[in-house]
Amino acid sequence: MKPKTVFKKTAYVSASVLFALCELSTVTWGNTIIPTTANYVLNPLVDTVYTVNTGTTVSGVGASGILGDNSSNWNLTIQSGAFVNGANGFAAIKLGSFLPGGSVIFNQGTVTGGF
């Protein structure tokens, strides 16, 4: 009796196809911040990496729009076309940090405060 030859089917995706797929969608890192007219408080139990996507508006009411305490080092990305606002004289974003090196904000959107 001859041993049976088994062929495994393997699918390969070319780098150009993978790149094209990435270009068609918005790349989001970490937790996505949803549109809100309330203060968005970052939660280290959920994630320390957050993204405000294109077309999203975050407007704080009586405080900063996005708040992060000093329990973590935060990584916040604001994509082009996103808007973050603080109200009544508050900064739009207030992030603490846990260790030296601190929190990081990558801003391609609009960040305003105080009105």
Side-chain angles (χ1 to χ4, degrees):
M1 183 172 200
K2 287 185 173 182
K4 192 174 191 179
T5 304
V6 177
F7 294 97
K8 293 184 179 179
K9 293 182 181 180
T10 306
Y12 294 97
V13 176
S14 71
S16 60
V17 171
L18 186 58
F19 180 74
L21 291 174
C22 289
E23 287 292 307
L24 292 175
S25 64
T26 301
V27 179
T28 300
W29 302 103
N31 195 32
T32 301
I33 295 177
I34 60 171
T36 183
T37 55
N39 314 86
Y40 193 96
V41 180
L42 306 183
N43 182 350
L45 299 177
V46 174
D47 206 339
T48 59
V49 179
Y50 287 83
T51 299
V52 182
N53 285 329
T54 300
T56 300
T57 298
V58 178
S59 294
V61 177
S64 299
I66 299 175
L67 300 165
D69 62 16
N70 63 355
S71 65
S72 294
N73 285 356
W74 306 103
N75 184 324
L76 177 62
T77 300
I78 302 165
Q79 294 182 345
S80 177
F83 181 77
V84 180
N85 178 47
N88 302 325
F90 289 90
I93 301 168
K94 183 177 178 184
L95 300 180
S97 64
F98 182 68
L99 297 171
S103 297
V104 177
I105 299 172
F106 298 99
N107 180 28
Q108 297 176 331
T110 302
V111 177
T112 62
F115 62 86

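Residues Leu42 and Ile33 are in side-chain contact: their nearest non-hydrogen atoms beyond the backbone lie under 4.5 Å apart. In this structure, Ile78 and Ile93 have side chains that are in contact, with non-hydrogen atoms separated by less than 4.5 Å. Side-chain contact between Val52 and Leu76 is present, with at least one heavy-atom pair separated by less than 4.5 Å. Here the side chains of Tyr50 and Asn43 are in contact, with some heavy-atom distance below 4.5 Å.
To the nearest 0.5 Å, atoms OG1 (Thr48) and CG (Asn75) are separated by 7.0 Å. Of the inter-residue distances, the one linking Asn73 atom CG with Leu95 atom CG reads 10.0 Å to the nearest 0.5 angstrom. The distance from atom CG of Asn70 to atom CG of Leu99, rounded to the nearest 0.5 Å, is 10.5 Å. Note that NZ of Lys94 is 7.5 Å distant from CG of Leu67, once rounded to the nearest 0.5 Å.
Here the shortest heavy-atom pairing between Tyr40 and Thr32 reads OH-O, 4.1 Å. Looking at every heavy atom in both residues, Asn53 comes nearest to Gln79 through OD1-OE1, 3.3 Å. Taking all atoms of both residues into account, the shortest heavy-atom contact from Gly60 to Ala87 is O-CB, 3.0 Å. Closest approach of Ser71 and Pro44 over heavy atoms only: OG-CG, 3.3 Å.
Hydrophobic clustering (ILVMFWY, side-chain heavy atoms < 4.5 Å, transitive): Ile105 and Val111 are in one cluster. Phe98 and Val46 fall into different hydrophobic clusters, where Ile, Leu, Val, Met, Phe, Trp and Tyr side chains are chained together by heavy-atom contacts under 4.5 Å.
Although no hydrogens or angles enter the test, the distance criterion places a donor-acceptor pair under 3.5 Å between the side chain of Trp74 and the main chain of Asp69. The backbone N or O of Ser64 lies less than 3.5 Å from a partner atom in the side chain of Asn39, making a donor-acceptor pair.
Thr37 pairs by the side-chain contact (heavy atoms from CB on, under 4.5 Å) definition with nothing, not counting sequence neighbours.
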